[in-house]
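Each remark here refers to the structure printed beneath this line.
Fair warning: this is a prediction, and the values are worked out from it, not measured in the lab. Values reported hereafter were calculated over all heavy atoms of this structure, with side chains retained and with hydrogens, waters and symmetry mates removed.
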Protein chains: 2
Amino acid sequence: MGRLNCGFFVEPMPDAQHPIQLVSRLSGLSVHVIRIWEQRYNAVEPRRTHSNRRLYTQPQIERLNLLREVTQAGYNISQVAQFSEARLRKLIDEPVAVSNGSFGGPSEASAPFLDECLVAIKALDGLVLEDVLKRAASALGTQGLLQRLVAPLSHLLGELWRDGSLTAAHEHFATSVLRGVLGNASKPFGLPAHAPTLVVATPAGQLHELGALLVSASAVSLGWRVTYLGTSLPAAEIAGAAQISKARAVALSLVYPEDDPNLAGELVRLGEALPPETALLAGGRAMPAYRNVLEGIGAVPVDNLIHLGTTLDDLRKPRNTGHGKSKR
Amino acid sequence: MGRLNCGFFVEPMPDAQHPIQLVSRLSGLSVHVIRIWEQRYNAVEPRRTHSNRRLYTQPQIERLNLLREVTQAGYNISQVAQFSEARLRKLIDEPVAVSNGSFGGPSEASAPFLDECLVAIKALDGLVLEDVLKRAASALGTQGLLQRLVAPLSHLLGELWRDGSLTAAHEHFATSVLRGVLGNASKPFGLPAHAPTLVVATPAGQLHELGALLVSASAVSLGWRVTYLGTSLPAAEIAGAAQISKARAVALSLVYPEDDPNLAGELVRLGEALPPETALLAGGRAMPAYRNVLEGIGAVPVDNLIHLGTTLDDLRKPRNTGHGKSKR
DNA sequence: AAAACCTTTACAATATTTAGACATGGCACA
DNA sequence: TGTGCCATGTCTAAATATTGTAAAGGTTTT
């Protein structure tokens, strides 16, 4: 980087300062919102140029990102605008410092449930694993269980599997137990009579099931009927199932591998085979790798479980009952 | 503020406060219900903002979760609304007095159930399928359900799939629903403390899961701990899992294909890798095709579910003494 | 000159609260 | 069997709060 001639400040890498429009793209917030959050709540106060233009630093952009996630998760911007970064992060992936049992000391451990699960999985102990999950379910609620325990656990298992700490047997075992627990945890009484149907599957070549299970459980607890098809199904099969079950939407989970040349073709075929009134959602760790394809076929990329929830809520309204919020 | 000697922790940050809509998502209760429970029964009384909006703390959310579970379990909200958290937890953990008519009549007709199942599977209707299976379970009892409905159904599905009447999607769908029902149906009681462990899996290349599910459910209802590993696992993985879980036996389900040249090798490797005191059982439609190999490695061919039951009973008694019996 | 930016003000959409009406199902009692 | 009552959840309506978006009018940058 030859700025030798200039010679002024030797600041190693003077944080680049970004104008507001770039920040808008990077944070996913509109310019309006960034300014109004500053004006109303002093959420982020950037440096200014001599001519009074805003210049944001990288940490400030990250803060805006955090704020976007937190508000998307349902918190009020007015409440959280002044929180520290650490506190914001805590709200998102809350380490679940549950007051379980609530005796003794203020159990502070970062993620007790997660650790217990890992231990049980390593020992292939189904009874213990089930017990932990049930306790967690009653402490966290269905959505909490999914978002704060199962989703992180799923990521963790993926990593441990990739680096060899866990074998495929562990992964299969955990999948199987989770399948059982999630199948129950989220099944309340009767669905509303006209609940829309969601088909959940994994396209051909995608063998990991946990993501699909998460989607399925989440959708059920949001009041959808779910037709669960499991892993590695060809596009034609998925489309056929969607038609038979008159699904309002199809959700795919893409986890591994991230560079399957056949998958793009499968996705395109699926996009063509689905009736136009059926929405197509796709999420999972590998989803970003296929974002172009997904946009090309009019599919909705889903970034996380919270996003999934809002997307499903949106899909539920346009049709049928004017008031679409009936939970339970 | 020396907090060193005092020891009472200075709360570093006040508990984050959650607005009602977020609480609704986390608890699975509608906002209406949350409010009305407060108004009528003072179930949970949250703090308010200056503008009178409700703000819930994490413990309050957990309390709502408990209340939801308890009411879903059949208690009246008016009765339990004021209970302490500990008392609510007690209600949940208590057995629900299962009115299990497990003495299923001797010979209920199971053919109608079979037809109903097929119709539901063709329509991909999970609710109906579950309903049929539950009715069948209470009419036939657990073992009857397995031997007289699920096993024939499994065969039938295989045939219909081979001749093209059903697609892979149907098969996956049926597997998934059956998995859920079988997972529940067969584990009402706590296991005896020293129940032996059975590892259930399908060797690499064998993708059909229903047989393994049958074995698993059957074993559980016979009082075994089951470590269920699912489909298509390499021999080394299965052996490793058997060792970790100290299994007394390993059960394999072989269904399709019947002429996999690699499978014989897999079986041999598995036979070698298993510790000698661990028995190896194999059954399923394709089992006869590999009978030679199985005998060569000292595995026990299992012809049907009844045979499986007697075999397991035999294995459970000889408490791992001497090795006169080791079939390998 | 066009585009991007700034501030202030206004407006629209969504959420939340309260109070009360309404629907349903169970149950006692005639 | 029907009738009334209670418990419970759902829904509406009107007032207020919150929050995103837009318009207007000016300045700076390209």
Query raised in the report: Does a donor on one side chain sit under 3.5 Å from an acceptor on the other, for A:Thr310 and A:Gln72?
Result: no
When you get a sec, tell me which of [options] is the closest nucleotide to the side chain of [X]?
X	options	answer
A:Ile20	C:dA4, C:dC6, D:dT18	C:dC6
A:Gln39	C:dT7, C:dT9, C:dT16	C:dT9
B:Asn76	C:dC5, D:dT8, C:dT17	D:dT8

I want to check one thing: is the phosphate of [N], taken as OP1 and OP2, less than 4.0 Å away from some side-chain N or O of [X]?
X	N	result
A:Asn52	C:dT7	yes
A:Arg35	C:dC6	yes
B:Gln21	C:dT16	yes

Query raised in the report: Once you build an axis from the first five pairs and another from the last five of the helix from C:dA1-D:dT30 to C:dA30-D:dT1, how far apart in angle are they, to 10 degrees?
Result: 40°
What's the [atom1]-[atom2] distance between [X] and [N], to the nearest Å?
X	N	atom1	atom2	value
B:Leu55	C:dA15	CG	P	17 Å
A:Asp313	C:dT14	CG	C1'	14 Å
A:Leu29	D:dT19	CG	P	14 Å
A:Gln17	C:dC5	CD	C1'	16 Å
B:His18	C:dT16	NE2	C1'	18 Å
A:Tyr75	C:dT16	OH	P	14 Å

Report task. Return the minimal non-hydrogen interatomic distance between A:Ser138 and B:Asn65, and the atom names on each side. Result -> O-CB, 3.8 Å
Report summary line: Between A:Arg54 and B:Glu38, whichever has its closest DNA chain C nucleotide further toward 5' is A:Arg54
Tell me, please, which residues at least two apart from [X] pass side chain to side chain donor-acceptor pair (under 3.5 Å).
X	value
B:Thr49	B:Ser51
A:Arg63	A:Glu85
B:Glu116	B:Arg135
B:Asp125	A:Arg225

Query raised in the report: Restricting to pairs with a member in residues 276-291 of chain A, which pass side-chain hydrogen bond (donor to acceptor under 3.5 Å, both in side chains), not counting sequence neighbours?
Result: A:Arg291-A:Asp303
Query raised in the report: In chain order, what residues pass the side-chain contact (heavy atoms from CB on, under 4.5 Å) check against A:Ser245, with sequence neighbours excluded?
Result: A:Thr197, A:Val199, A:Thr227, A:Ala247, B:Leu124
Report summary line: So the salt bridge (Lys or Arg N to Asp or Glu O under 4.0 Å) pairs with at least one residue in residues 20-45 of chain A (sequence neighbours excluded) are A:Glu38-A:Arg48, A:Glu38-A:Arg54
Report summary line: A correct 5'-to-3' footprint of nucleotides 20-30 of chain D, with B, S and - meaning base, sugar-phosphate only and no protein heavy atom under 4.0 Å, is BB------BS-
